Amino acid sequence: MDGNGRWAKARRLPRVAGHRAGVEAVRRVVEAAPDLGIEVLTLYAFSSENWKRPADEVSDLMGLLNHYIRSEVKDLHKNGVRLDFIGDWKALKPDLVKLLEDARTLTAGNEKLVLIMALNYGGQDEMVRAARALAAEAVAGTLDPAAITIDTLADRLDTAGLPPPDLVLRTSGEMRLSNFLLWQSAYAEFVATDTLWPDFDRAALAGAVAEFATRERRFGGR
Ligand code: IPE
Ligand code: MG
């Protein structure tokens, strides 16, 4: 989800207004996703590198996250959405972690849509944490390093149990992964749109899915 700042700048508004409008786009997209056949939707909400932003912007983003979960969790639950999180989200402020844990517990049995929010997430950081877990098991003698496979590592990532993404979509015209799902995106189709995230809606998501449908996927085969 990129382009909140540019959206605000174009309207001579403070950046936080762009982030607020971005939350509205999240609402639209989460509502539209099941209708488009999307079963798992992962939103890159806050990266492990976003801490480099000025403290007031970090605080605005955390406040909006807090507000989004509080105001939306009942409706999400009613609509069959299972909320979960990837990233080092347990390192966030304790009151926020508690809120996230409660949302996760409440919605755990839902099956209409899996909504994953990437919070304090970085693909490299995720792989480092998985490597540490593997190393600890090897040291404890419960894992033979020679027996480590792609699946062994995948099972220690935050996304263990989730399918790899079919489509990775970036808004605002940028052509970078920015540390998003590095391992999991190995064969994802990449779609970039010039639309700024706060302008993103059901039609834009349908457009990205239509673009995805034109791709021929071979996964390295032929
Ligand atoms: C999305 O927009 C940001 C997050 C989800 C943290 P940006 O804040 O990166 O917007 P631009 O790139 O400045 O337009
Ligand atoms: Mg940006």
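As the structure is a prediction and not an experimental result, all values here were calculated from the model. First listed ligand is number 1; within each ligand, the first listed atom is number 1. All residue numbers refer to positions in the sequence shown, counting from 1.
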Can any side-chain N or O of Arg217 pair as donor or acceptor with the backbone N or O of Tyr187 at less than 3.5 Å?
yes
Less than 4.5 Å apart, any side-chain heavy atom of Pro198 and any of Glu24?
no
Which side-chain N or O atoms in residues 77-92 pair as donor and acceptor under 3.5 Å with protein atoms at least two apart or in another chain?
{"unit_1": "His77", "atom_1": "ND1", "unit_2": "Asn110", "atom_2": "ND2", "d": "3.0"}
{"unit_1": "Asn79", "atom_1": "ND2", "unit_2": "Asp75", "atom_2": "O", "d": "3.2"}
{"unit_1": "Asp84", "atom_1": "OD1", "unit_2": "Arg104", "atom_2": "NE", "d": "2.7"}

Check the orientation of Tyr44 and Tyr121. Use parallel for under 30°, tilted for 30 to 60°, and perpendicular for over 60°.
perpendicular
If you group Ile, Leu, Val, Met, Phe, Trp and Tyr whenever their side-chain heavy atoms sit less than 4.5 Å apart, what else falls in with Val73?
Leu106
Per-residue contact class, Lys9 against ligand 1 - non-hydrogen pairs under 4.0 Å:
neither
Against heavy atoms of Gly5, which atoms of ligand 1 measure under 4.0 Å?
7 (P), 8 (O), 10 (O), 11 (P), 13 (O), 14 (O)
Tell me, please: is Glu174 in heavy-atom contact with ligand 1, that is, under 4.0 Å?
no
Show which atoms of ligand 1 fall inside a sub-4.0 Å distance from at least one heavy-atom site of Asn50.
6 (C)
If we only consider heavy atoms of Ala45, is any one of them less than 4.0 Å away from an atom in ligand 1?
yes
Does some side-chain heavy atom of Leu41 sit less than 4.5 Å from a side-chain heavy atom of Val114?
no
Heavy atoms, side chains only, cut-off 4.5 Å: are Leu36 and Leu205 in contact?
yes
Any donor-acceptor N/O pair, Thr142 side chain to Glu137 backbone, under 3.5 Å
yes
Taking ring-ring contact (aromatic ring centres under 6.0 Å, His included) as the test, write out the residues that go with Phe46, two or more places apart.
Trp51
For the Mg ion (ligand 2), check which protein N, O or S atoms are under 2.8 Å away and list them.
Asp2 OD1
Would Asp2 count as being in polar contact with ligand 1, using the rule that some N or O on each side must be under 3.5 angstrom apart?
yes
Can you check whether Phe200's main-chain N or O pairs, donor with acceptor, with Arg28's side chain at less than 3.5 Å?
yes
Relative to the heavy atoms of Arg15, which atoms of ligand 1 are at a distance of less than 4.0 Å?
7 (P), 8 (O), 10 (O), 13 (O)
Please report which non-hydrogen protein atom sits nearest to atom 2 (O) of ligand 1, along with the residue it belongs to and the distance in Å to one decimal place.
Asn4 N, 3.2 Å
Does ligand 1 have a heavy atom under 4.0 Å from the side chain of Leu196, from its backbone, from both, or from neither?
neither
